[in-house]
Amino acid sequence: MAELALPTRVGRLQTLLRQRYPLFGGTVGDMAGLFGPVWADRFEQTLAAMFPEAPELEEAATGYTSFVLDVMRRQQRFEREGKYPPKSYAEAAEEVYFDDGYMGRQYLPGLLLSHFLWPHHFRQLRFFEASFAEPMRLAGGKGFTEIGVGTGLYSVRALDLVPGIRASAYDISPASVAFAHRHVTNRGHGDSYEVEIRNVLEAHPPSCDWLICVELLEHLEDPAALLRILRNSLSPNGRAFITAAVNAPNADHIYLYRSPGEVFDQIYAAGFVLQEGLVAPAFPPRSPGLPVPTVVAMVVT
Amino acid sequence: MLGREEASVEVTVRRVIADVFGLVAQDVGPDTTREDIPGWDSLQHLILVLALEEEFDVHFEDQETLSLVNVPLIVSTLEGHLPAAEPGNA
């Protein structure tokens, strides 16, 4: 099969990784081989919006490699100890969400690039587009709410795919809110997007027909409480896209889901009905019994 | 030629690499690089780095971690972390 011709910025990133971080030098080519032109097109759009020039891309690549090394170190420790280090929500917030430098240099660029450089994250994004955004477009959706915006990527894709839709988004991190706002604006959707700093555990979101909550549950001491809030916010005929990370230590992951079944149990207990689901492991287990980071993504009503 | 301390570090490094990748010690030479060992991907690399950190009781920064891709580089980087040898012991 002919090698995929990479667009400008994706090619630039590949060169950068090969030259400076050879351990990750094969990642871009591997992803291109797995996902082809659709992946290359999405990735180029994202890089053009957030890291259009070489110096910005170099900073993002450095942040990404630090992000990956940090995650891998935590994974090795998790494999040995079988649990996440004890950390409260307040401690995680102080250490991560309210540290603008860490968020801006490492966490947010790393998380954003991981959606195009980690197969399971890109599969989750594709599942979102096909099983949530596309039905929202077909239904003529007028607005959606996102809880925990992170990098803004999922809001961006929904705004890309559903003409004329508007979005309300909430996050507790000022750095996330700023990053997501810049992301959405740079993609030309700034007029359709309102994002504010809000802890939805304390100030519940308004009722909505379409709800997005990506990679937030594992960040909470009591994710079941958030799920009940989300269920109460979703209109009777509404639809939500909710994800959770299983066996996936990170600086701000404090609730350990040990299996996809534990996530589904909480979804059902909150009163949701599962319509579609994706369970995507990061890689095959290196030996039997070792936990593998896995994303669980669900479309629920 | 390596001094005694360096030789000791190098021998230990080669043993740790062999252990991590399931090789016999003779398979890892003084100039072995990542390209010589099948399966030395980013995940196995970090497992090796953690094994080296535990063996030598050191911690590598990110840039160092990424640079440890052959035996000479690992040995020279470790030398920067380990206490200098006493005069006369080398």
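Below, chain A is the first sequence line, B the second, and so on; all start at residue 1.
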Participant: What part of B:E61 gets within 4.5 angstrom of chain A, counting heavy atoms only: side chain, backbone, both, or neither?
Facilitator: neither

Participant: For atom CD of A:E95, is the number of surrounding heavy atoms from other residues, nucleotides or ligands below 6.0 Å larger than 12?
Facilitator: yes

Participant: More than 12 heavy atoms of other residues, nucleotides or ligands under 6.0 Å from CD of B:E54: is that the case?
Facilitator: no

Participant: Any chance you could measure B:L50, atom CG, to A:R77, atom CZ, to the nearest 0.5 Å?
Facilitator: 11.5 Å

Participant: Heavy-atom count around A:R105 CZ within 6.0 Å, excluding the residue itself: above 12?
Facilitator: no

Participant: Which distance, rounded to the nearest 0.5 Å, do you find between the CZ of A:R73 and the NE2 of B:H59?
Facilitator: 4.5 Å

Participant: Please report the closest heavy-atom contact between A:L23 and B:S42, naming both atoms and the distance.
Facilitator: O-CB, 4.0 Å

Participant: In Å, rounded to the nearest 0.5 Å, how long is the span from OG1 of A:T65 to CD of B:Q63?
Facilitator: 6.5 Å

Participant: Is there a side-chain contact between B:L46 and A:Q75 in this structure, where contact means two heavy atoms from C-beta onward sitting under 4.5 Å apart?
Facilitator: no

Participant: From A:L69 CG over to B:T65 OG1, what is the distance, rounded to the nearest 0.5 angstrom?
Facilitator: 6.0 Å

Participant: Within the structure provided, determine whether B:L43 and A:Q76 are in side-chain contact (heavy-atom separation under 4.5 Å).
Facilitator: yes

Participant: Count the heavy atoms of every other residue, nucleotide or ligand shown that sit under 6.0 Å from CD of A:E59, and state whether that count exceeds 12.
Facilitator: no

